[in-house]
Amino acid sequence: MFELFKTIGLGLMVLLPLVNPLTTVALFLSLSKNMTAAERNQQARLASVYVFAIMMVAFYAGTLVMNTFGISIPGLRIAGGLIVSFIGFRMLFPAQTDDDPGIAESKAREMHKHKSTNIAFVPLAMPSTAGPGTIAMIISWVSTVNEDVHFSPWVTTLAPVLVFLTISVVVWIALRSSGAIMHVVGASGIEAISRLMGFLLVCMGVQFVINGVLEIIADYHA
């Protein structure tokens, strides 16, 4: 049993800094400002389920899928970086503002007539939470776990599921409590968080691209 807890602890230490639920909370606050409490709770629940599913697929089928389609880890980082940068750029420089009362009223009517945009999968689950760094780490973790002789087979089978489930629960709790944060921060605070998150996402996306390019250069020189 101690062996299982040790493996789970190691997995959480590796993945939680990459998942970074607090960053996802700030992104969720900026994207869900026009949603009701029930809609936010639904998006939080769906996002946590998607995060668990993405990590499970990455662990058990990620290597197979990437080999089948010829996708490399640097390619995964570059593609994810471009997506993150695009989302961040749109948050940093929004196309429209709500200064015009007509636009605000039109959006309000649209929210009542139609369901809110589903943000649970993109960008909350992917790439904000289970992004290219997380997926790449999980895929590289597969070979490490399979080759590690210090852990029993039942531990290496059960531990990943428990690690991914724990991370999903942490993400759900963080997103579910964002409603209280929204009441404290207010509309102006959410707008500031949105702009700041946009800038940070652009920086993260550019860094993902840089890391991918550097890995490609290193592979060619190796």
- Task: Test L46 against L124 for side chain to side chain contact (heavy atoms under 4.5 Å, CB included), laying out the working first.
- Result: CA-CA 10 Å; L46 289 175; L124 291 183; over 6 Å; no

- Report the C-alpha distance between F52 and F164 in whole Å, list the side-chain angles of each, state the deciding distance to 0.1 Å, and finish with yes or no for ring pair (Phe, Tyr, Trp, His ring centres under 6.0 Å). CA-CA 6 Å; F52 178 76; F164 301 153; 7.1 Å; no

Interatomic distance, [X] atom [atom1] to [Y] atom [atom2] [nearest 0.5 angstrom]:
X    : Y    : atom1 : atom2 : answer
M55  : Y50  : CE    : OH    : 15.0 Å
M126 : I54  : CE    : CD1   : 4.0 Å
L27  : L196 : CG    : CG    : 11.5 Å
R90  : S85  : CZ    : OG    : 14.0 Å
I210 : C203 : CD1   : SG    : 10.0 Å
H221 : I216 : NE2   : CD1   : 12.0 Å

- Task: Show your working on side chain to side chain contact (heavy atoms under 4.5 Å, CB included) between T7 and T156 and close with a plain yes or no.
- Result: CA-CA 8 Å; T7 309; T156 57; 6.0 Å; no

- Check the side chains of S48 and S168 for a donor-acceptor pair under 3.5 angstrom, ignoring hydrogens and angles.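 Result is no, nothing qualifies.
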
- Does a donor on one side chain and an acceptor on the other come within less than 3.5 Å for E215 and N211?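 Their side chains do not contain a donor-acceptor pair, so the 3.5 Å distance test is not met.
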
Say whether, by atom type as modelled, one donor and one acceptor occur between the side chain of [X] and the main chain of [Y] under 3.5 angstrom.
X    : Y    : value
S177 : A174 : yes
R176 : N41  : no
S72  : G75  : yes
T129 : P21  : no
S178 : L175 : yes
E39  : T36  : yes

Is there a path of hydrophobic side-chain contacts, each under 4.5 Å between heavy atoms of I/L/V/M/F/W/Y residues, joining [Y] to [X]?
X    : Y    : answer
I138 : Y60  : yes
L12  : L162 : yes
L15  : V161 : yes
M56  : V49  : no
F86  : V206 : no

If you look at every heavy atom in [X] and [Y], which pair is closest and at what distance?
X    : Y    : answer
G11  : V163 : C-CG1, 4.0 Å
F59  : P160 : CZ-CG, 3.4 Å
S128 : T24  : OG-OG1, 3.3 Å

- Message: Any non-hydrogen side-chain atom of Q43 less than 4.5 Å from a side-chain atom of L31?
- Response: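 Q43 vs L31: side chains apart.
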
- Task: Return yes when atom CZ of F199 has more than 12 non-hydrogen atoms of other residues, nucleotides or ligands closer than 6.0 Å, and no otherwise.
- Result: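 Count not over threshold, so no.
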
